[in-house]
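Working notes for the structure below.
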Amino acid sequence: MRLSRYFLPVLRETPSEAQIVSHRLMLRAGMIKQASAGIYSWLPLGYRVLRNIERIVHEEQARAGHIPILMPTVQSADLWRESGRYDVYGEEMLRISDRHGHDLLYGPTNEELVTDIFRAHVRSYRDLPLSLYHIQWKFRDEIRPRYGVMRGREFFMKDGYNFDIDRDSALHAYNRHMVSYLRTYERMGLRAIPMRAASGPIGGDDTHEFLVLADTGESEVFYDSGITDLTLGDRAVDYDDREECAAIAREFTGPYARTDETHDEALFLKVPEARRKTSRGIEVGQIFYFGTKYSGAMGATVQDPRGRAVPVHMGSHGIGVSRLAGAIIEASHDDDGIIWPEEVAPFRAGIVNVKQGDSATDAACEALYGRMVSAGIETLYDDREERPGAKFATMDLIGLPWRITVGPRGLAKGKVELRCRRTGQGEEMEPEAVVGRLDASSPAASPDAAGTPDTV
RNA sequence: CGGGGCGUGGCGCAGUCUGGUAGCGCACCUGUUUUGGGUACAGGGGGUCGUGAGUUCGAAUCUCGCCGCCCCGACCA
């Protein structure tokens with residue numbers, strides 16, 4: 001993409017309403033524009049990031065065997081009356097009515113809808129297990145939205161629902177989701193820690209939240225520092241292997257890690273003092289097992305092998321996709337701007353033409369840009385008539401992982417500079433070598449990391 | 001919803017107390033200049049001062065109502 005033809009409304013000054021760093025940077029980098037309180041438009045750069053996060057979630061869901069669908073944002077109140085939640089949910093639910101006076105609502109979550117789909121089509125235990133999910137906009141009418149997309153009223157969320165014949169199978173689904181979530185966050189460059197959680201209005205007996213450590217987090221968290229050393233890495237996981245998934249779940253939930261809601265001081269004190277940490281965290285996902293709560297209330301049953309109708313065991317799982325855009329920035333930035341992890345970056349690399357209008361420099365940039373595009377490397381070429389300083393500042397602000405600086409000084413030696421945003425390390429090389437160097441450092445080059453699922 | 005604050009050009013702000021016909025920086029347009037970390041100079045365009053009513057010869061400024069937004073708290077992916 002040539003920047004001169006793009007739409008990247010960066011701001012030199014921070015709008016006064018933005019208080020936390022991710023909100024400030026998203027506004028300054030031209031990623032979002034507030035439409036009204038807690039509701040945002042996603043501008044081109046932000047939209048690219050949002051789509052990347054969504055893509056990673058889809059890919060990891062597919063890998064774990066979960067099936068994408070798409071349910072509507074507007075739902076009938078009748079379904080919620082059936083589950084008993086229409087009255088329980090409270091003011092947070094946006095209630096609307098159509099021209100016939102029928103009560104509708106803008107979905108804050110989708111247990112009712114997905115259960116309705118399930119009971120319409122699934123009759124036999126032999127159709128289980130089934131795990132459906134979608135990524136769709138939600139609306140929760142927060143009393144006080146804040147922190148930009150981290151706590152909007154409208155937000156983009158992956159929510160999934162599993163249906164199993166019994167508790168053991170449902171707990172396997174729970175563990176499977178935990179593993180797939182761990183991998184999802186790792187691919188986004190995040191260390192998200194599963195913490196035992198309180199259940200809230202969704203209900204459920206077993207539930208873990210995933211929290212990213214950041215000073216601006218809304219929850220106070222207590223944890224054994226041993227847990228931050230754990231990584232899933234690229235180990236091959238068989239998602240159908242109950243014991244393997246359970247073992248990974250045990251590994252990642254073994255060390256003490258809880259939010260203030262479930263914190264147990266006595267247990268915490270058993271952690272060796274040197275490893276006892278207190279911090280703040282941003283919740284970026286949650287998984288639940290809630291048994292037959294909805295299936296019982298809404299008649300979602302299957303026939304078991306002996307022909308008896310039994311309510312299915314369910315769980316649900318959510319990842320805040322739009323919130324993650326903010327959370328990643330909270331976890332990865334410096335004074336100059338955002339530092340995108342490779343897989344979520346809006347572009348992988350940026351080219352800075354230091355002397356726009358100089359025929360030799362322009363030609364070198366064009367040639368390099370052409371090679372990058374041909375190689376499939378998403379590149380933003382800053383071909384504006386701007387001073388070098390302004391271009392560097394823009395690149396730092398929008399945080400692309402790699403910057404290639406092209407100017408007369410380097411070209412005199414036949415070189416350009418490739419610089420890593422995260423480390424600040426620069427490296428001079430011939431323009432022809434850039435593509436090869438970026439290919440070698442690609443996260444997609446690691447084993448089976450980025451298979452594209454055929455389902456999405 | 002309780003408490004606090006703010007709405008003046010795209011962004012950041014001054015002007016409001018003490019009414020007199022709107023200003024600064026950045027951004028934008030034109031020209032010259034400059035070109036390896038937000039260049040310099042000159043010229044220029046753009047604002048019914050959130051909104052409605054009232055007071056007044058005269059309202060961004062005073063009074064009342066309404067709307068929007070932000071911050072702290074309880075609540076939430």
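Hydrogens, waters and symmetry mates are skipped; everything else that's a heavy atom, side chains included, is used. Letters A, B, ... mirror the listed sequences (proteins, then strands); counts begin at 1.
Listed nucleotides: B/A77, B/C72, B/A74. Nearest to the side chain of A/Tyr147: B/C72. Picking from B/A77, B/C72, B/C70 the nucleotide with the shortest atom distance to the side chain of A/Phe155 gives B/A77. The side chain of A/Met157 lies closest to B/A77, out of B/C71, B/C76, B/A77.
One P atom belongs to B/G65, the other to B/U21, and the distance between them is 29 Å to the nearest Å. Between the P atoms of B/A59 and B/G54, the separation comes to 12 Å (whole Å). To the nearest whole angstrom, the two P atoms, one in B/G9 and one in B/A60, are 14 Å apart. Taking atom P in both B/G15 and B/U8, the straight-line distance is 14 Å, to the nearest Å. For the P atoms, the distance linking B/G5 with B/C76 amounts to 29 Å, nearest Å. When the P atom is used for both B/G47 and B/A40, the distance is 28 Å, rounded to whole Å.
Residues A/His177 and A/Ser131 form a side-chain contact, since some pair of their non-hydrogen atoms from C-beta on lies under 4.5 Å apart. For the pair A/Arg140 and A/Pro108, the minimum side-chain heavy-atom distance is below 4.5 Å. A heavy-atom distance below 4.5 Å is found between the side chains of A/Arg81 and A/Asp78.
Every residue two or more places apart in sequence or in another chain that forms a side-chain hydrogen bond (donor to acceptor under 3.5 Å, both in side chains) with A/His208 is listed here: A/Tyr174.
Taking atom CD of A/Gln136 as the reference point, atom P of B/A77 lies 18 Å away to the nearest angstrom. Atom C1' of nucleotide B/C70 and atom CG of A/Leu27 are separated by 13 Å, given to the nearest angstrom. Here B/A77 presents its P atom at 11 Å from CG of A/Leu211, a figure rounded to the nearest Å. At whole-Å resolution of the value, NE2 in A/His177 and C1' in B/A77 are 15 Å apart. Rounded to an integer number of Å, the gap from A/Arg151 CZ to B/G73 P is 10 Å. As a whole-Å value, the separation of A/Phe7 CZ from B/A27 P is 18 Å. Atom-to-atom, CD of A/Glu218 to P of B/A77 comes out at 10 Å; the value is rounded to the nearest Å. Between A/Glu220 atom CD and B/G73 atom C1' the separation is 16 Å, expressed in whole Å.
Contact annotation: A/Gln286 side-chain N/O to B/C76 OP1/OP2 distance is not under 4.0 Å. Taking 4.0 angstrom as the limit, A/Arg146 places a side-chain polar atom (N or O) nearer than this to OP1 or OP2 of B/C72.
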**Asked** How does protein reach along nucleotides 6-13 of chain B, written 5' to 3' as B (base within reach of a heavy atom under 4.0 Å), S (only sugar-phosphate), or - (no contact)?
**Response** -----BSS

**Message:** What does the B/S/- profile of nucleotides 29-36 of chain B look like, 5' to 3', with a 4.0 Å heavy-atom cutoff to protein?
**Reply:** -----BBB

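Aromatic ring orientation, A/Phe210 versus A/Tyr185: tilted (interplanar angle from 30° to 60°). Classified by interplanar angle (parallel below 30°, tilted 30° to 60°, perpendicular above 60°), the ring pair A/Tyr6/A/Phe347 is perpendicular.
Here the CD-CD1 distance, from A/Glu343 to A/Ile53, works out to 11.5 Å after rounding to the nearest 0.5 Å. If you take CZ on A/Arg191 and CG on A/Leu182, they are separated by 10.0 Å, rounding to the nearest 0.5 Å.
A salt bridge does not link A/Lys158 with A/Glu54: none of the charged nitrogens is closer than 4.0 Å to a carboxylate oxygen. Comment: A/Asp260 does not engage A/Arg280 in a salt bridge, judged by the lack of any side-chain N to carboxylate O separation of less than 4.0 angstrom. Using a 4.0 Å cut-off between charged nitrogen and carboxylate oxygen, A/Glu386 and A/Lys391 do not count as a salt-bridge pair.
When each of A/Arg12 and A/Glu283 is assigned the nucleotide of RNA chain B bearing its nearest heavy atom, the one mapping closer to the 5' terminus is A/Arg12. Each of A/Glu209 and A/Thr394 was assigned the nucleotide of RNA chain B with the nearest heavy atom; the assignment lying further toward the 5' end belongs to A/Thr394.
Checking B/G2 for Watson-Crick or G-U wobble geometry (two distances, each under 3.5 Å) identifies B/C72 as its partner. Across all strands shown, B/G7 forms a Watson-Crick or G-U wobble pair with B/C67, both key distances being under 3.5 Å. Checking B/C24 for Watson-Crick or G-U wobble geometry (two distances, each under 3.5 Å) identifies B/G12 as its partner. If you check B/U48 for Watson-Crick or wobble pairing at under 3.5 angstrom, you find it has no partner at all. Of the nucleotides present, none pairs with B/U61 by Watson-Crick or G-U wobble criteria with both distances under 3.5 Å. Pairing for B/A40 goes to B/U32, judged as Watson-Crick or G-U wobble with the two contacts each under 3.5 Å. Using N1 to N3 plus N6-O4 or O6-N4 for Watson-Crick, or N1-O2 and O6-N3 for G-U wobble, each under 3.5 Å, B/U55 pairs with nothing.
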**Message:** Apply salt bridge (charged side-chain N to carboxylate O under 4.0 Å, His left out) to residues A/Arg196 and A/Asp206 and explain how you reach the verdict.
**Reply:** CA-CA 8 Å; A/Arg196 182 162 297 284; A/Asp206 261 303; 3.7 Å; yes

